[in-house]
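Note that ligands are numbered from 1 as they come in the structure, with each ligand's atoms numbered from 1 the same way.
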Amino acid sequence: MLGHAGKILARSRFAIAFTGAGISAESGIPTFRGSNGLWRNYRAEELATPEAFRRNPRLVWDFYRWRMRKILEAKPNPAHYSLAELEKMGVLKAVITQNVDDLHREAGTKNLIELHGNIFRVRCTSCPYRENLKESGRVREFVEAEGLPRCPRCGSILRPDVVWFGEALPREALEEAFRLAEKADMVLVVGTSGVVYPAAYIPHIVKERGGKVIEVNVEKSGITPIADVFLRGKAGEILPKLVELVRGLR
Ligand code: APR
Ligand code: ZN
């Protein structure tokens, strides 16, 4: 199975990766679905919504501060580094992620498409103000603060610059992701339940255009039925092996 996947990847002309929360699980970041996805007995689906934010912005900000803390404690794992390495080798042309944790970037991936935003960016709920907290050096301040963060321009409440359930995805990122999927002759799908759309269209587009789908997951997902190769196991263990195989074949 692994050998077959290695051959497909090594022979590919335009490979892309599509990742979800599972790729960061071994970095200690809780996934959304499954028993590890709970926070104070809430499911992410109950908190990551515009309605929840309207009803109780403090609760939602507490949830995001908790996630930011978890993410700040985390480092990229061998799975993130393997994808960065495949890009350096010229095999992988882009990583399309649903994750907001920045770990692909930390691991060195250059062509990164973030479909669901980034947890280290905030934006104003009433004016165009946006801020990248890593760039402005205010991450710590944000994580440690209590109450509601306010816009320095207009005083309205700030919100995380992430995509919540029921919200549209950033247009440019989605268009770029679809463009890449249409061009790709294979997609490496890693650690996603593959049930959240439109993101989950990505592997389907590749498949429909005749490309191959290789999946890495600890369990079956919404993508498994269209996978040409399903590699069951931890991303951090399987991807480094795949990189070595590809290196041997190129
Ligand atoms: N290696 C590989 N796969 C793993 C690992 C691991 N170590 N650990 C968990 N997984 C798999 C799980 O089996 C599951 O299929 O990762 C997947 C995680 O699924 P979700 O928690 O649903 O995450 P994701 O698919 O990224 O969710 C999509 O939903 O909540 C929204 O916007 C949020 O971007 C997120 C979107
Ligand atoms: Zn504002």
Visitor: Polar contacts were defined as any N/O atom of the residue lying under 3.5 Å from an N/O atom of the ligand; does this apply to A21 and ligand 1?
Guide: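 Such a contact does occur with ligand 1.
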
Visitor: Charged N to carboxylate O under 4.0 angstrom, R67 versus D101?
Guide: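 Here R67 does not pair with D101 in a salt bridge, since their nearest N and O are not under 4.0 Å apart.
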
Visitor: How open is the angle at the Zn ion (ligand 2) from atom SG of C151 over to atom SG of C124, rounded to 10 degrees?
Guide: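 Vertex at the Zn ion (ligand 2): approximately 110°.
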
Visitor: Using a strict cut-off of less than 4.0 Å between a Lys/Arg side-chain nitrogen and an Asp/Glu carboxylate oxygen, indicate whether R138 and E131 qualify as a salt bridge.
Guide: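 Yes.
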
Visitor: May I ask you to check if ligand 1 and K234 share an N or O to N or O distance below 3.5 Å?
Guide: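 N/O-N/O distance below 3.5 Å does not exist for this pair.
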
Visitor: Is G233 in contact with ligand 1, taking contact as a heavy-atom separation below 4.0 Å?
Guide: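 Judged by the 4.0 Å heavy-atom criterion, G233 does count as contacting ligand 1.
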
Visitor: Can we say E106 and K134 salt-bridge, meaning some charged N sits less than 4.0 Å from an Asp/Glu carboxylate O?
Guide: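 Between K134 and E106 there is a salt bridge, with a charged N closer than 4.0 Å to a carboxylate O.
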
Visitor: I'd like to know if R159 pairs up with E167 as an ion pair, taking the criterion as any Lys NZ or Arg NE/NH1/NH2 lying under 4.0 Å from an Asp or Glu carboxylate oxygen.
Guide: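 Yes.
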
Visitor: Is the closest N or O pair between F32 and ligand 1 shorter than 3.5 Å?
Guide: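 Right, the criterion is met.
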
Visitor: Given V162, V218, N217, which has its nearest heavy atom closest to atom 14 (C) of ligand 1?
Guide: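 It is N217 that holds the nearest heavy atom.
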
Visitor: Run the salt-bridge test on E244 and K241 with the 4.0 Å N-O cut-off and return the result as yes or no.
Guide: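 Salt bridge flag = no for K241 with E244.
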
Visitor: Hey, is S193 touching ligand 1 through its side chain, its backbone, both or neither, going by heavy atoms under 4.0 Å?
Guide: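 Both parts.
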
Visitor: Should R130 and D161 count as an ion pair when the cut-off is N to O under 4.0 Å?
Guide: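 Yes, R130 and D161 are salt-bridged.
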
Visitor: How many degrees, to 10°, between C127 SG and C154 SG as seen from the Zn ion (ligand 2)?
Guide: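 Angle SG(C127)-the Zn ion (ligand 2)-SG(C154): 120°, rounded to 10°.
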
